[in-house]
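Just so you know, ligand 1 is whichever comes first in the structure, and atom 1 is the first atom listed for that ligand.
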Amino acid sequence: MTVTVRFAPSPTGRIHIGNARTALFNWLFAQKHRGRFIQRFDDTDTLRSRQEYADSILYDLHWLGIFQDATEYQSRRIEAYDAAVERLKAAGVLYPCYETPEELDLRRKIRRTRGLPPVYGREALELTSAQVAEFESDGRRPHWRFLLPNFAGDPMEPQRTEIHWNDVVRGDETVDLASVSDPVLVREDGTYLYTLPSVVDDIDMAVTHVIRGDDHVTNTGVQIALFKALGSEPPAFGHHNLLTTISGEGLSKRTGALSIEGLREAGIEPMAVASLAVLIGTSESVQAVPTMADLVERFDPAATSKSAAKFDPDELLVLNRSLLHHMPFEQARDRLAALGIAGDRAEAFWNAVRGNLDRLSDATQWWAVVNEGPQEKPDLSAEDREFVDKALDLLPEEPWDGSIWRKWTGKVREESGRKGKALFMPLRLALTGLPSGPDLADLLPLLGREGTLARRP
Ligand code: GLU
């Protein structure tokens with residue numbers, strides 16, 4: 001059987017790094033098992049779902065290096081859900097309810113004061129046909145609940161009913177169906193809540209592994225019962241811990257917190273996002289993993305911890321620097337070219353500056369320094385200016401090779417008697433305008449003799 005997973009966000013906003021964690025867990029799992037990855041949009045909430053969000057989610061996933069084998073929209077599959085509803089009704093496990101939210105709230109409060117679990121008491125099962133007729137003539141429309149199989153003979157007397165599964169992430173899991181309300185599957189207006197369409201899709205699309213956040217653990221108990229009610233074997237399930245900010249707040253698509261778009265615009269590399277999103281909150285150390293193939297190797301869902309994973313966005317910058325520091329030119333070439341960094345010096349330039357970048361786009365500042373000279377007037381004392389002037393007189397003739405910096409500064413040391421910082425800092429300031437930056441031994445050949453002399457203060 002081909003391993004088949006799906007990533008199923010509702011397209012109601014841009015995805016954030018926490019959603020990316022779910023997408024990556026699924027993608028890496030599929031890669032590890034040479035399986036399929038379905039991109040499914042849970043867009044039955046027509047008021048809040050938008051195609052532009054679906055498009056932006058795909059864009060963000062592709063940027064991260066996740067490519068779907070199929071794309072599905074729940075809004076185009078309503079007929080399949082209607083058919084499932086008919087089957088559940090025929091089996092007597094979907095029943096109409098007429099309570100308003102206020103009535104339900106009141107009932108919950110009463111149950112609590114009586115020491116009963118605050119779940120739905122199935123009062124609608126006892127409605128007489130006269131009561132139903134009255135509701136209908138009052139213009140009330142029913143919502144429909146799934147009768148959970150948590151009773152022996154009488155549904156009004158639920159009993160502890162354990163649903164077990166071996167979670168791909170968390171190991172043995174149990175949900176007691178007596179602790180959960182019969183879920184509403186269809187709203188008064190006939191639209192679907194998430195619970196049923198998800199199960200119907202997972203069946204029809206032959207999903208073998210449902211991997212999602214641990215906020216869905218209880219849902220899984222309910223959905224396993226629903227798979228069985230629809231005559232299907234449930235798939236395997238895995239629930240990963242959720243990401244929170246350092247102060248413990250959850251991330252939300254709607255607030256745009258730490259959106260993938262925002263991180264991309266801030267110059268964070270996709271593999272920095274992927275490395276952090278996957279490795280945080282696991283027993284693996286968080287490191288900059290250079291490629292998705294390497295991340296597949298490292299990924300082990302069972303190494304994920306059960307508690308929420310707090311993360312610090314500053315870690316992304318640390319990973320970013322590390323990735324850029326080791327990034328081969330071939331990988332950076334096209335992006336550098338798009339920034340105007342091209343030509344026969346581009347590779348040597350990249351190798352010289354990559355260790356000094358927070359973001360790849362910062363390379364343009366060094367490209368300007370190399371091509372146009374210092375962008376800021378070097379802050380040199382009169383004495384240092386004179387020193388640099390004399391040092392430039394000692395600059396060897398071309399052709400130059402990789403040892404030119406050593407040769408030149410050796411001569412300057414001999415002639416001037418200066419050494420260490422007193423020797424190097426004025427030269428660095430004169431050549432780049434800045435007190436720190438890439439190795440001058442790497443920069444000097446890029447400037448060439450003419451370019452170096454043009455920097456005479
Ligand atoms: N649309 C659901 C969510 O975003 C999908 C959950 C699932 O993967 O089944 O929470």
Quiz item: Sequence neighbours excluded, which residues qualify as ring pair (Phe, Tyr, Trp, His ring centres under 6.0 Å) partners of His33?
Solution: Phe29
Using a strict cut-off of 4.0 Å, indicate which atoms of ligand 1 neighbour a heavy atom of [X].
{"X": "Asp42", "answer": "1 (N), 2 (C), 5 (C)"}
{"X": "Ala8", "answer": "1 (N), 2 (C), 3 (C), 4 (O), 5 (C)"}
{"X": "Ser198", "answer": "9 (O)"}
{"X": "Arg212", "answer": "7 (C), 8 (O), 9 (O)"}

Self-check item: Part of Phe7 with heavy atoms under 4.0 Å of ligand 1, whether side chain, backbone, both or neither
Solution: neither
Quiz prompt | Check: Tyr192/Asp45 side-chain N/O donor and acceptor closer than 3.5 Å | solution = no
Quiz item: Of all residues at least two apart in sequence or in a different chain, which pass the side chain to side chain contact (heavy atoms under 4.5 Å, CB included) check with Tyr59?
Solution: Arg264
Quiz item: Angle class for the Tyr95/Tyr120 ring planes (parallel below 30°, perpendicular above 60°, tilted otherwise)?
Solution: parallel
Quiz item: Phe299 vs Phe25 aromatic rings, parallel, tilted or perpendicular, using cut-offs 30° and 60°?
Solution: perpendicular
Practice problem: May I ask whether Arg6 places a heavy atom under 4.0 Å from ligand 1? | Solution: yes
Self-check item: Short N or O distance, Tyr194 and ligand 1, threshold 3.5 Å exclusive
Solution: yes
Quiz item: So is there a nitrogen or oxygen of Ser10 less than 3.5 Å from a nitrogen or oxygen in ligand 1?
Solution: no
Exercise. Step through it carefully: locate the ring centre of Phe237, locate the ring centre of His209, and say whether they are under 6.0 Å apart.
Key: no
